[in-house]
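Here the structure comes first, spelled out in structure tokens, and everything after it is commentary.
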Amino acid sequence: MSSPRGDAESLGASARHRLAGFAHVLRDNGFMVGLAETRDALAILASPAAARPASFEPALRALFCATRSDWEKFDEIFQAFWRGRGMRRAQSLTGNAGGKAPLRRMAEAGAAQGAAGQPDHEQRLGGDDGAAEGRGRREGASSADNLLAVDLRHITDPADVVRAHALAARLARTMRARLVRREQVRRRGRRLDLRRTIHRNVSHGGTPIDLAWRRRKIKPMRLVVLLDASGSMNLYTAFFVRFLHGVVDAFREAEAFVFHTRLAHVSASLRDRDVARAVDRLGLMAQGIGGGTRIGDSLATFNRWHARRLVNSRTAVMIVSDGYDTGEPERLGAEMRRLRRRCRRIIWLNPLIGWRDYSPQARGMQAALPYVDLFAPAHNLESLAALEPYFARI
């Protein structure tokens with residue numbers, strides 16, 4: 001019987017690189033894939049099972065999936081990477097602040113595939129029709145990729161606006177699922193972590209003496225969102241409403257407000273399962289848009305009437321605003337200081353950070369920055385996806 005190392009050496013370099021790329025994509029999507037799993041996958045790729053698609057995918061699924069969420073995501077990721085299918089609806093939109101989004105990795109991997117979108121180790125069939133189909137899939141991936149990276153204010157085509165709204169809602173659902181389902185390794189838990197148990201007991205000859213368990217990660221954090229709905233933010237507001245509609249549900253305790261010249265509590269609207277109806281209700285509640293922004297006065301209202309009830313030492317306050325305040329900057333600074341004393345983190349998302357040569361020179365922004373823990377861009381869907389790792393660490 002040949003060893004896994006010998007099987008791996010018998011493979012071509014192209015097949016090994018493709019499998020390494022697939023393992024990288026899985027890690028980007030939250031799978032716990034290490035060197036041992038990759039080595040075993042190489043053995044599967046060199047075995048007769050790789051020649052039969054009906055057995056190749058189940059073999060990799062059994063190897064790489066350790067949780068229920070892994071199992072649910074695997075088929076779509078496999079189809080997108082190895083066969084170029086489902087590029088338009090791939091749900092792996094979450095990204096890292098220092099790297100490419102998984103959807104972009106899938107698109108680039110799809111471009112490297114053959115005419116029929118088959119793995120390099122499989123026989124390619126078909127002619128010009130297959131090549132045309134491959135090009136169409138690549139174009140679909142590029143279109144979704146471009147829509148993720150483009151500034152939301154530059155999306156003017158009605159069809160692209162609808163697609164961007166759908167991507168924002170899908171991104172929120174993906175982040176919500178990953179945040180809610182996140183688990184931790186514990187000494188005691190509700191179910192056995194088979195992969196870690198095997199790794200821990202290699203020194204015992206494989207006898208499961210030292211067990212590893214998994215259980216739901218405790219998320220006591222409370223989220224309060226303050227969304228600027230003034231005229232200067234109207235190009236971004238609809239996208240943020242759809243995004244926040246899904247993200248707010250990821251936290252056990254979450255409240256949402258919109259403000260312009262006054263503050264409005266909109267948590268009930270964001271919890272409405274009908275997104276279109278939620279947007280309509282928010283539009284009615286936020287009447288007065290276009291009359292300027294009084295961030296300091298709105299924060300004063302929040303601190304006086306809501307902060308004592310909603311904000312404590314485990315609360316993260318997220319303010320989404322461009323920082324243009326028609327009020328006095330001293331008032332904004334004083335209210336930010338009051339809020340900072342109560343909460344755990346203040347996150348300020350500013351769409352203007354994504355603009356070229358932007359610097360926070362507005363007086364209101366200058367007054368607020370000393371009390372902000374994270375000052376981040378929010379001009380496109382990629383920047384929103386980068387928030388997930390930060391939320392997970394709080």
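- With hydrogens and angles disregarded, a donor-acceptor distance shorter than 3.5 Å links the side chain of Asn350 to the backbone of Asp322.
- Applying the ring-ring contact (aromatic ring centres under 6.0 Å, His included) test to Tyr371 and every residue at least two apart in sequence or in another chain returns nothing.
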All N/O donor-acceptor pairs, side-chain side in residues 202-210, below 3.5 Å, sequence neighbours left out:
none

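- Tracing side-chain contacts under 4.5 Å through hydrophobic residues (I, L, V, M, F, W, Y), one never reaches Trp305 starting from Leu227; they form parts of separate clusters.
- Heavy-atom minimum distance, Arg344 versus Ser313: CB-O, 3.1 Å.
- Summarising the geometry of Leu332 relative to Ala368, their closest heavy-atom pair is CD2-CB, 4.3 Å, with the distance given to 0.1 Å.
- A side-chain donor-acceptor contact under 3.5 Å links Asn29 to the backbone of Val25.
- The backbone N or O of Leu263 lies less than 3.5 Å from no partner atom in the side chain of Thr301, so there is not a single donor-acceptor pair.
- For the pair Phe259/Leu299, no side-chain contact is recorded, criterion being any heavy-atom separation below 4.5 Å from C-beta on.
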Step-by-step ring pair (Phe, Tyr, Trp, His ring centres under 6.0 Å) determination, Tyr236 to His379: CA-CA 8 Å; Tyr236 297 94; His379 62 294; 8.3 Å; no
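- Phe240 meets the ring-ring contact (aromatic ring centres under 6.0 Å, His included) test with no other residue; sequence neighbours excluded.
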Ser267 and His265: CA distance, side-chain angles, deciding distance, side chain to side chain donor-acceptor pair (under 3.5 Å) verdict: CA-CA 6 Å; Ser267 298; His265 192 188; 2.9 Å; yes
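- Residues Phe257 and His306 form a side-chain contact, since some pair of their non-hydrogen atoms from C-beta on lies under 4.5 Å apart.
- There is no side-chain donor-acceptor pair under 3.5 Å between Thr293 and Asp325.
- Using a 4.5 Å heavy-atom threshold, the side chains of Phe56 and Leu45 count as touching.
- Ile347 CD1 to Leu387 CG: the interatomic distance, rounded to the nearest 0.5 Å, is 7.0 Å.
- Counting non-hydrogen atoms of other residues, nucleotides and ligands closer than 6.0 Å to OH of Tyr324 gives a total of 12 or fewer.
- Of all heavy-atom pairs between Ala41 and Leu60, the closest is CB-CD2, 4.0 Å.
- Heavy atoms from other residues, nucleotides or ligands lying under 6.0 Å from CZ of Arg309 number more than 12.
- Side-chain contact between Glu330 and Arg363 is absent, with no heavy atoms from C-beta onward closer than 4.5 Å.
- Here Asp297 does not pair with Arg262 in a salt bridge; the nearest charged N to carboxylate O distance is not below 4.0 Å.
- Within the 4.5 Å cutoff, no side-chain heavy atoms of Ile77 are placed close to those of Asp75.
- Under the 4.5 Å side-chain contact rule for hydrophobic residues, Leu369 and Tyr358 share a cluster.
- Using a 4.5 Å heavy-atom cutoff, the side chains of Val372 and Ile319 are not in contact.
- In this structure, the side chain of Asn303 engages the main chain of Glu335 through a donor-acceptor pair within 3.5 Å.
- Side-chain atoms of Arg18 never come within 3.5 Å of backbone atoms of Gly21 as a donor-acceptor pair (strictly under, hydrogens ignored).
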Working for side chain to side chain donor-acceptor pair (under 3.5 Å), residues Asn380 and Ser383: CA-CA 6 Å; Asn380 59 22; Ser383 61; 3.2 Å; yes
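- Judged purely by distance below 3.5 Å, without hydrogens or angles, the side chains of Asn312 and Thr315 pair a donor atom with an acceptor atom.
- Nearest approach of Pro329 to Ala367, heavy atoms of both residues: O-CB, 3.3 Å.
- With hydrogens and angles ignored, the 3.5 Å screen pairs no side-chain donor or acceptor of Asp228 with any backbone N or O of Ser321.
- Phe243 has its side chain out of reach of Leu381: every pair of non-hydrogen atoms, C-beta onward, lies at least 4.5 Å apart.
- The aromatic rings of Phe78 and Phe22 lie perpendicular to each other, with more than 60° between the two planes, well past the 30° mark.
- Once rounded to the nearest 0.5 Å, the distance linking CG of Leu310 with CZ of Arg342 reads 10.0 Å.
- Contact annotation: the side chain of Trp348 never approaches that of Val320 to less than 4.5 Å [non-hydrogen atoms, C-beta and beyond].
- Note: the hydrophobic cluster containing Trp71 does not contain Ile198 (ILVMFWY, side chain heavy atoms under 4.5 Å, direct or indirect links).
- Counting only distance, with no hydrogens or angles, the side chain of Arg200 and the backbone of Leu211 share a donor-acceptor pair below 3.5 Å.
- Under the 3.5 Å distance criterion, the side-chain polar atoms of Arg340 are left unmatched by any main-chain donor or acceptor of Ile346.
- Annotation: the span from His260 atom NE2 to Ser298 atom OG amounts to 8.0 Å, rounded to 0.5 Å.
- For the atom pair Leu152 CG and His154 NE2, the distance stands at 10.0 Å (nearest 0.5 Å).
- Taking 4.0 Å as the cut-off between side-chain N and carboxylate O, Arg27 and Glu37 do not count as a salt-bridged pair.
- Taking CE from Met318 and CG from Leu374, the interatomic distance works out to 10.5 Å, rounded to the nearest 0.5 Å.
- No more than 12 heavy atoms of other residues, nucleotides or ligands lie within 6.0 Å of CZ in Arg304, so this atom counts as exposed by the packing criterion.
- Taking both residues in full, the closest heavy atoms of Pro360 and Met365 are given as CB-CG, 3.7 Å, listed atom of the first, atom of the second, then distance.
- If you take CE on Met336 and CD1 on Ile295, they are separated by 9.0 Å, rounding to the nearest 0.5 Å.
- The minimum heavy-atom distance between Phe64 and Asp70, with the atom names listed, is O-OD2, 4.4 Å.
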Full working for side-chain contact (heavy atoms from CB on, under 4.5 Å) between Arg153 and Trp355: CA-CA 11 Å; Arg153 63 193 170 99; Trp355 296 19; 3.0 Å; yes
